[in-house]
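Everything on this sheet refers to the single structure shown next.
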Amino acid sequence: MSGHQGGSGLKRRYTRLSMPELPEVEINRRYFDQHALGQRIVGVRVKDLRILGESREPALRRTMTGRRFVSTRRHGKHLFAEIEDRGWLRIHFGMTGDLFYYHGVKSPSRHPRVIIDFEQKAHLSYDDPRLFGVVELAASPESYIETRRLGPDPLDKAFDARSFSALFENRKGAVKALLMTQEIIAGLGNLYVDEMLFQTSVHPRKTASAITRPKRKAMYKSMRTILCDVIDQKLQGKSYPKRYLIPYRQGGERCPRCGGTIQRTVVFGRTTYFCGTHQRT
DNA sequence: TTCCATGTTCCGCA
DNA sequence: TTGCGGAACATGGA
């Protein structure tokens with residue numbers, strides 16, 4: 001993972017990040033580190049109980065109040081924050097989750113679901129208009145990952161090209177389905193799966209096990225590059241790098257790589273964009 | 001008003 | 001066991 005400090009992007013607010021996939025969760029993790037770590041928690045307010053997952057509100061309040069967050073971790077699209085001597089808080093951002101740190105009485109954000117109060121009127125708000133996210137207590141990241149059988153994180157140092165390639169063995173389904181399945185690899189979402197297939201000229205419906213070893217290696221490199229570059233670009237407040245598919249997700253557009261036509265279809269139940277010319281079956 | 005949405009889970013079926 | 005399609009969740013924006 002790119003370990004350097006976030007730039008001006010971490011000072012963003014109060015505009016939303018785009019929908020949360022791995023890069024957005026990583027940016028939120030650094031935002032959490034910068035603003036919430038080490039501060040004493042004086043209160044927890046749950047504005048909508050539907051966001052809580054397995055945890056109950058009194059348990060959440062009791063566990064966190066009077067404590068501090070001492071570290072964070074990210075695995076896939078899950079953010080874990082360690083509560084001193086009390087386990088962990090897990091945040092999943094769903095489709096529309098986001099974090100806002102602010103001072104004062106009134107939340108500047110529009111859909112606060114859980115607000116963590118710190119000393120001196122500082123607050124961290126978890127916002128989520130669509131309520132698909134989850135904020136709950138967890139024993140540890142490891143236990144959660146094991147219980148949910150989550151696959152490796154794409155940016156984990158120990159997750160190398162060989163391990164990535166091994167995921168394709170005996171998989172008869174579409175490569176897009178493989179990459180989207182969190183139990184196989186945890187953290188890739190619709191947008192970035194389409195992007196890495198586009199950049200490596202792989203058709204989203206191609207049978208995973210039929211993809212050659214060299215191609216898998218290229219996909220691995222593309223995956224890491226895309227995720228790291230997007231994190232860096234977004235931290236700098238920039239848009240997507242040149243020749244990315246992402247800005248062309250409307251269909252009928254010209255492919256920025258080969259001039260072909262960008263097609264729209266559905267794979268694994270998700271809207272899928274690809275270039276009909278250079279991404280072959 | 002209708003359609004769409006970058007996530008996840010569950011169910012039925014092959 | 002694997003794989004796939006569809007529905008459901010809840011809300012806002014184009």
Side-chain angles (χ1 to χ4, degrees), chain A residues 15-28 46-54 74-79 90-99 109-114 126-136 138 144-145 147-151 153-154 166-199 204-210 223 226-227 229-231 233-234 239-241 244-253 262 264-274:
Chain A
T15 54
R16 307 191 70 80
L17 286 172
S18 50
M19 290 202 194
E21 289 204 37
L22 190 151
E24 289 74 24
V25 178
E26 176 59 24
I27 289 167
N28 269 324
V46 180
K47 313 295 269 188
D48 194 312
L49 292 169
R50 292 173 291 180
I51 210 68
L52 287 188
E54 302 283 305
R74 182 190 56 73
H75 187 93
K77 301 170 198 166
H78 304 265
L79 171 60
R90 179 179 75 92
I91 300 175
H92 190 288
F93 293 84
M95 298 262 280
T96 53
D98 210 352
L99 294 176
S109 59
R110 291 177 61 192
H111 303 279
R113 305 305 190 189
V114 177
Y126 172 77
D127 264 51
D128 194 348
R130 280 174 74 179
L131 290 161
F132 285 177
V134 174
V135 177
E136 68 178 10
Y144 183 81
I145 291 163
T147 307
R148 304 309 290 260
R149 299 172 190 266
L150 292 179
D153 183 274
L167 303 177
F168 290 64
E169 300 298 329
N170 302 316
R171 298 282 176 178
K172 297 185 179 66
V175 61
K176 173 153 181 172
L178 172 98
L179 296 172
M180 293 275 295
T181 300
Q182 303 296 298
E183 289 76 20
I184 296 172
I185 180 169
L188 299 177
N190 198 26
L191 211 59
Y192 296 108
V193 167
D194 277 6
E195 191 63 47
M196 59 190 278
L197 294 173
F198 173 80
Q199 293 196 17
R205 283 206 183 83
K206 174 126 182 153
T207 300
S209 58
M223 171 184 77
I226 289 167
L227 295 174
D229 285 356
V230 169
I231 291 168
Q233 294 279 113
K234 290 205 169 190
S239 55
Y240 292 101
Y244 265 43
L245 169 66
I246 290 171
Y248 299 87
R249 296 179 72 85
Q250 276 109 43
E253 302 258 8
I262 301 300
R264 178 198 156 120
T265 182
V266 173
V267 180
F268 195 58
R270 313 298 301 188
T271 306
T272 299
Y273 293 93
F274 67 101

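Quantities reported herein were computed from a predicted structural model and do not represent experimental measurements. FYI, side chains are in, hydrogens and waters are out, and symmetry mates aren't considered; it's all heavy atoms of this structure.
Between A:P129 and A:R110, every side-chain heavy-atom pair lies at or beyond the 4.5 Å cut-off. Taking the side chain as every heavy atom from C-beta outward, A:M19 and A:E24 never approach each other to under 4.5 Å. Counting only heavy atoms from C-beta outward, the side chains of A:F168 and A:V175 approach each other to under 4.5 Å. In this structure the side chain of A:F274 never reaches within 4.5 angstrom of the side chain of A:L197, judged on heavy atoms. Contact annotation: the side chain of A:D229 never approaches that of A:Y240 to less than 4.5 Å [non-hydrogen atoms, C-beta and beyond].
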- [ ] Quick one: do A:L22 and A:R74 satisfy side-chain contact (heavy atoms from CB on, under 4.5 Å)? Show the steps, please.
- [x] CA-CA 9 Å; A:L22 190 151; A:R74 182 190 56 73; 3.4 Å; yes
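Partner of A:D194 under the side chain to side chain contact (heavy atoms under 4.5 Å, CB included) criterion, chosen from A:M180, A:R270, A:R249, A:Q199: A:R249. Among A:D127, A:D128, A:D98, the one residue that satisfies the side-chain hydrogen bond (donor to acceptor under 3.5 Å, both in side chains) test with A:S109 is A:D127. Remark: of the listed residues A:L245, A:L188, A:L227, A:L188 is the sole one forming a side chain to side chain contact (heavy atoms under 4.5 Å, CB included) with A:M196.
With rounding to whole Å, A:L245 atom CG is found 13 Å from B:dT6 atom P. Nucleotide B:dG7 holds its P atom 9 Å from the CE atom of A:M19, rounded to whole Å. Regarding A:R264, its CZ atom lies at a distance of 10 Å from the C1' atom of B:dC3, rounded to whole Å. The interatomic distance linking A:I231 (CD1) with B:dT6 (P) rounds to 20 Å, in whole Å. Rounded to whole angstrom, the span from the CG atom of A:L79 across to the C1' atom of B:dG7 amounts to 16 Å. Computed from coordinates, the A:F93 CZ to B:dT8 P distance equals 12 Å when rounded to whole Å. In this structure, the CE atom of A:M95 is 14 Å from the P atom of B:dT9, given to the nearest Å. Per the geometry, CD1 belonging to A:I246 stands 15 Å off P belonging to B:dA5, to the nearest Å.
Here the separation of B:dT1 from C:dC9, taken at their C1' atoms, is 22 Å to the nearest Å.
For the pair A:L131 and A:T96, the tightest heavy-atom approach, listed with the atom from each and the gap, is N-OG1, 4.4 Å.
Residue order along DNA chain C, read from the 5' end via each residue's closest nucleotide, puts A:V267 first among A:R270 and A:V267.
Within residues 170-185 of chain A, the residues that place at least one heavy atom under 4.0 Å from DNA chain B are, in residue-number order, A:Q182.
Taking side-chain N and O atoms only, A:H92 has no distance below 4.0 Å to OP1 or OP2 of B:dG7.
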- [ ] Map every base of DNA chain C to its dot-bracket character, where paired means a Watson-Crick or G-U wobble contact with both distances under 3.5 Å and | marks a partner outside the strand.
- [x] .||||||||.||||
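Here NZ of A:K77 is found 5.5 Å from CD of A:E21. Values are rounded to the nearest 0.5 Å.
Around the CD atom of A:E54, the shell of radius 6.0 Å holds no more than 12 heavy atoms that belong to other residues, nucleotides or ligands.
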- [ ] Would you mind building the protein contact string for nucleotides 9-14 of chain C? One character per nucleotide, 5' to 3', B for base within reach (heavy atoms under 4.0 Å), S for sugar-phosphate only, - for untouched.
- [x] BBBSS-
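Within 4.0 Å (heavy atoms only), A:T96 reaches no atom of the nucleic acid at all.
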